Protein chains: 2
Amino acid sequence: MPDFVYDKKVYYNPVEFAMDRIGGIWKMPILWRLREKTLRYSDLKKELPHITHKMLSSVLRNLEKEGFITRKVHAVVPPKVEYSITERGKRAIPVIEVIRRYGAELMREFGVKAKETESGK
Amino acid sequence: MPDFVYDKKVYYNPVEFAMDRIGGIWKMPILWRLREKTLRYSDLKKELPHITHKMLSSVLRNLEKEGFITRKVHAVVPPKVEYSITERGKRAIPVIEVIRRYGAELMREFGVKAKETESGK
DNA sequence: CTGTATCCCCTCAGATACTG
DNA sequence: CAGTATCTGAGGGGATACAG
């Protein structure tokens, strides 16, 4: 009794659908980084030191496929690839802000302390 | 270079921390169901037909452990166990509403249609 | 610089069976 | 009714090597 199906996967509610688009460990941090500026692959890698090469690559491909970011390849040597947020991606930013704020509140409640408050995403 | 640690796990940003508390497939749907009324185990199971016995059990335990819900056992035969949302849990509701709304918007954008709009969580 | 391909481990989650 | 225990399979994600 699926409630609805998208891309061969069954979803039971809108929350789950949203989380499958922009959830996971890295999608929101990446969208957040791109919210006001275009970045190239190596810039993103620098800003997200903990992400592995493979993960960054695959998450970027996924976000592009689903229309949250665009990818622009410059025909130069060495290669230069720039990622920008789309209108669809921009609509996710306010949601990410709400979750960020809630997460920060929860961290205070739980007594968790960040080493660098502005390093997060 | 962890940004912060909680419960032996490393987090890199508040979004990730929040999602580890109330993310996943079932936590938000359960909190949402409990937002305005107490439910017993079997009620929750009925309202979330797709969740397995094991998952419901383990997610409830986790939500209780982290203070989002409370569990009250009535000493009767057969057993009766009631779950209620806590103040901490209630603070998650507005966030869930934002994500729900966003998810519904995304579903429209992606052309996904729910069989029952009010079946979701 | 910007990727892709392989190998591999480990956790998540389902099915099933058993208990107070 | 309300759980717990065990087994198992699929997939996420890391490390590493290779390519245009």
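Everything quoted here is computed from the prediction, not taken from an experiment. So that the names make sense, note that chain A is the first sequence line, chain B the second, and so on, each numbered from 1.
Listed nucleotides dC1(C), dG14(D), dG3(C) differ in distance to M55(A); the shortest reach to its side chain belongs to dG14(D). The side chain of R71(A) sits closest to dG3(C) out of dG14(D), dA2(D), dG3(C). The side chain of Y41(A) lies closest to dT2(C), out of dT2(C), dC1(D), dG13(D). Checking dG3(C), dC1(D), dT2(C) against the side-chain heavy atoms of R40(A) singles out dT2(C) as nearest. Distances were taken from every side-chain heavy atom of R61(A) (C-beta onward) to each of dT4(C), dA2(D), dG14(D); the shortest belongs to dT4(C). Comparing atom distances between the K54(A) side chain and each of dC7(C), dG3(D), dC1(D) picks out dC7(C) as nearest.
Phosphate contact (OP1/OP2 of dA13(C), side-chain N/O of S58(B), threshold under 4.0 Å): absent. Dashed line: the shortest gap from a side-chain N or O of T52(A) to OP1 or OP2 of dA15(D) is not under 4.0 Å.
Using cut-offs of 30° and 60° for the angle between ring planes, the Y12(B) and W26(A) rings count as parallel. A perpendicular orientation is assigned to the rings of F17(A) and F4(A), their planes being inclined by more than 60° (bins at 30° and 60°).
With a 4.5 Å cut-off on side-chain heavy atoms, V81(A) and H74(A) do not count as touching.
Note: CH2 (W26(A)) to C1' (dG13(D)) measures 11 Å, nearest angstrom. Regarding K46(A), its NZ atom lies at a distance of 7 Å from the P atom of dC1(C), rounded to whole Å. Put simply, CG on L63(A) is 13 Å from P on dG3(C), counting in whole angstrom units. We find that CE of M19(B) is positioned 19 Å from P of dG12(D), with the value rounded to whole Å. To the nearest angstrom, C1' of dG3(D) lies 16 Å from CD of E82(B). Counting to the nearest Å, the C1' atom of dA10(D) and the CD1 atom of I25(B) are 13 Å from each other. At whole-Å resolution of the value, OH in Y12(B) and P in dG13(D) are 12 Å apart. Rounded to whole angstrom, the span from the CD atom of E64(B) across to the C1' atom of dG3(D) amounts to 13 Å.
Both P78(B) and I51(A) lie close to DNA chain D; mapped to their nearest nucleotides by heavy-atom distance, the more 5′-ward contact belongs to P78(B).
One donor-acceptor pair, N or O on each side, does fall under 3.5 Å between the base of dG3(C) and the side chain of H53(A).
Counting heavy atoms of neighbouring residues, nucleotides and ligands inside a 6.0 Å radius, atom NZ of K9(A) exceeds 12 of them.
Geometrically, R91(B) does not engage F68(B) in a cation-pi contact, judged by NZ or CZ lying under 6.0 Å from the ring centre and within 45° of the ring axis.
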